[in-house]
K.L.:
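Starting off with a structure, shown below.
Atoms within a ligand are numbered from 1 in the order they appear, just like the ligands themselves. Being a predicted model, the structure only gives us computed values, none of them experimental.
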Amino acid sequence: MSARIHQPTDRSLRNLASLLRDGELVAIPTETVYGLAANALDPRACRAIFRAKKRPASDPLIVHVDGLRSAEKLAVFNAPARILARKFWPGPLTLVLPRTELVPDIVTSGQSTVALRSPAHPIARRLLRAAGVPLAAPSANMFGYVSPTSAEHVFAGLGRRIGHILDGGPCGVGVESTIAEVAPDGRIRVLRPGAIAAFELVAAVRDVGGRARLARTSAREPILAPGLLDQHYSPHTPMEIRSRLPRTSAGNREDGTAIIFVRRPAGALGRGVFAFSRNGSAQEVARSLYRVLREVDAGGFQRMLVEAMPVRGPSGLVGAINDRLSRAAGRRRGRS
Ligand code: TXA
Ligand code: MG
């Protein structure tokens with residue numbers, strides 16, 4: 001099998017929507033990363049997602065919906081959850097809530113909660129409406145590898161394992177959604193940081209007079225989202241993180257080490273030298289993060305030294321970028 005890459009015409013969207021309803025897999029663009037989608041109400045189709053990605057069955061799927069009304073068929077929303085959905089959907093926020101009976105066990109790995117998100121990408125929204133069913137879609141990469149932010153990335157990883165990829169161009173956000181669990185008593189726990197920060201979630205609920213407080217995740221707790229595993233989103237090249245790389249190291253690298261700056265130094269970049277952005281903004285770094293990691297990974301280097309984002313005040317995106325970098329570096333972090 002070799003995947004076909006489809007352009008998002010009305011005709012191809014109708015065609016892909018009908019393939020999805022019939023139980024096939026389609027990789028789809030979202031504003032965060034590309035997802036590998038299947039009809040979430042069809043257990044057989046969902047099983048095919050796990051097979052294609054080599055994803056363990058214990059790692060539950062996020063379900064994508066076209067809005068709050070569809071979401072309420074799949075999960076039980078309390079007042080703060082409804083406020084969060086109204087404020088941040090469509091967008092990069094996934095809510096973990098008690099599931100309803102409509103959700104197949106395979107989607108939630110047998111858990112009593114389901115993860116739901118209404119994506120903002122206009123092509124994902126058109127496809128969801130055309131399909132008329134919720135779409136289960138984890139990131140469209142082989143389990144454990146760097147997430148894809150373009151149709152080409154999906155093809156590189158899954159091109160021989162799936163039949164269809166919908167091309168929606170490069171992803172605008174570039175890192176996966178914030179995952180927040182909202183407990184029945186209104187406590188909000190961020191299971192994975194993303195573009196929307198924890199404080200924004202609490203503020204949104206309080207702004208409309210609701211009650212919300214943050215539950216902190218402690219290191220001793222069992223893993224709540226398998227995406228919190230220490231080594232995940234990882235390139236093959238061993239990677240180390242530095243808080244700052246000296247600008248003087250931007251010349252040709254002769255030692256098999258690639259280096260990645262947050263902000264491109266002035267002048268030409270030497271061989272083995274990369275940058276996540278021109279202006280140093282979190283938005284630009286997030287958009288290019290996974291593309292640059294993939295480029296370096298393809299370059300045959302023995303290791304890479306990567307600059308982390310400087311932290312200035314509470315920002316969802318900066319936290320999410322540094323979180324992904326340290327998970328990508330995994331246990332190799334800190335060793336030189
Ligand atoms: O931005 C995103 O969230 C992208 C796009 C495609 O929507 N999706 C994504 O999916 O990143 P995935 O499967 O790569 O990451 C979803 C994470 C996994 O770590 C999974 O364990 C966790 O969400 N998850 C899913 N259902 C859960 C649940 N009921 N409780 C806790 N964690 C859950
Ligand atoms: Mg993933």
K.L.:
Which atoms of ligand 1 have any heavy atom of Ala137 under 4.0 Å away?
P.N.:
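Near Ala137, the atoms of ligand 1 are 6 (C), 8 (N).
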K.L.:
Just one of His64, His121, Arg117 clears the side chain to side chain donor-acceptor pair (under 3.5 Å) bar with Thr30, so which one?
P.N.:
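Among His64, His121, Arg117, the one meeting side chain to side chain donor-acceptor pair (under 3.5 Å) with Thr30 is Arg117.
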K.L.:
Going by an N to O cut-off under 4.0 Å, is there a salt bridge joining Arg278 and Glu284?
P.N.:
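Judged by the 4.0 Å cut-off on N to carboxylate O distance, Arg278 and Glu284 do not form a salt bridge.
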K.L.:
Rounded to the nearest 0.5 Å, what's the gap from OG on Ser139 to CG on Leu36? Could you check?
P.N.:
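The CG atom of Leu36 is 9.0 Å from OG of Ser139, to the nearest 0.5 Å.
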K.L.:
Check if Arg192 has a non-hydrogen atom at a distance under 4.0 Å from any atom of ligand 1.
P.N.:
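Yes, Arg192 has heavy atoms under 4.0 Å from ligand 1.
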K.L.:
If we only count N/O pairs under 3.5 Å, is Ser139 in contact with ligand 1?
P.N.:
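Yes, since at least one N or O of Ser139 sits under 3.5 Å from an N or O of ligand 1.
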K.L.:
Would you call Arg14 and Asp10 a salt bridge, using N to O less than 4.0 angstrom?
P.N.:
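Looking at Asp10 together with Arg14, the answer is no, because their closest N to O distance does not fall below 4.0 Å.
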K.L.:
For atom 21 (O) of ligand 1, which candidate among Ile179, Leu36, Ile62, Asp59 provides the closest heavy atom?
P.N.:
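Looking at heavy atoms only, Asp59 sits closest to atom 21 (O) of ligand 1.
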K.L.:
Within the 4.0 Å heavy-atom shell around Thr113, which atoms of ligand 1 are there?
P.N.:
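Here the atoms of ligand 1 in question are 28 (C), 29 (N), 30 (N).
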K.L.:
Could you tell me, atom by atom, which parts of ligand 1 come under 4.0 Å of a heavy atom of Leu191?
P.N.:
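Result: 31 (C).
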K.L.:
Between Glu254 and Arg271, is there a salt bridge with N-O shorter than 4.0 Å?
P.N.:
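Salt bridge flag = yes for Glu254 with Arg271.
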K.L.:
What atoms in ligand 1 come closer than 4.0 Å to a heavy atom of His64?
P.N.:
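Reading through ligand 1 atom by atom, the close ones are 5 (C), 6 (C), 7 (O).
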K.L.:
Checking side-chain contact (heavy atoms from CB on, under 4.5 Å) against Phe77, which of Ile83, Leu116, Val182 comes through?
P.N.:
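Exactly one candidate clears the test, Leu116.
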K.L.:
For the pair Asp105 and Arg99, find out whether any cationic side-chain nitrogen is under 4.0 Å from an anionic carboxylate oxygen.
P.N.:
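The answer is yes: the pair qualifies as a salt bridge.
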K.L.:
For ligand 1, which atoms, with element, lie under 4.0 Å from some heavy atom of Arg55?
P.N.:
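Listed by number with element: 13 (O), 18 (C), 20 (C).
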K.L.:
State whether Arg263 and Glu307 are salt-bridged, where the test is any N-O pair (Lys NZ or Arg NE/NH1/NH2 against Asp/Glu carboxylate O) under 4.0 Å.
P.N.:
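A salt bridge is absent here (no side-chain N lies under 4.0 Å from a carboxylate O).
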K.L.:
How many angstroms lie between CG in Leu93 and OG1 in Thr32, if you round to the nearest 0.5 Å?
P.N.:
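Output value for this atom pair is 11.5 Å.
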K.L.:
For Arg69, enumerate each residue passing the side chain to side chain contact (heavy atoms under 4.5 Å, CB included) test, keeping only those at least two apart in sequence or located in another chain.
P.N.:
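If we apply the side chain to side chain contact (heavy atoms under 4.5 Å, CB included) test to Arg69, skipping adjacent residues, there are no hits.
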K.L.:
With the Mg ion (ligand 2) as the centre, enumerate protein N/O/S atoms below 2.8 Å in chain and residue order.
P.N.:
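The answer is Ser139 OG.
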K.L.:
Which atoms of ligand 1 are found less than 4.0 Å from any heavy atom of Ser177?
P.N.:
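Atoms satisfying the 4.0 Å criterion: 1 (O), 2 (C), 3 (O).
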K.L.:
Test your reading of the model: is there a side-chain donor-acceptor pair from Ser12 to the backbone of Gln7, 3.5 Å cut-off?
P.N.:
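Yes, Ser12 side chain to Gln7 backbone: donor-acceptor pair under 3.5 Å.
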K.L.:
Which one holds for Pro138 and ligand 1: side chain close, backbone close, both close, or neither close, with close meaning a heavy atom under 4.0 Å?
P.N.:
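It is both parts that get close, each with some atom under 4.0 Å.
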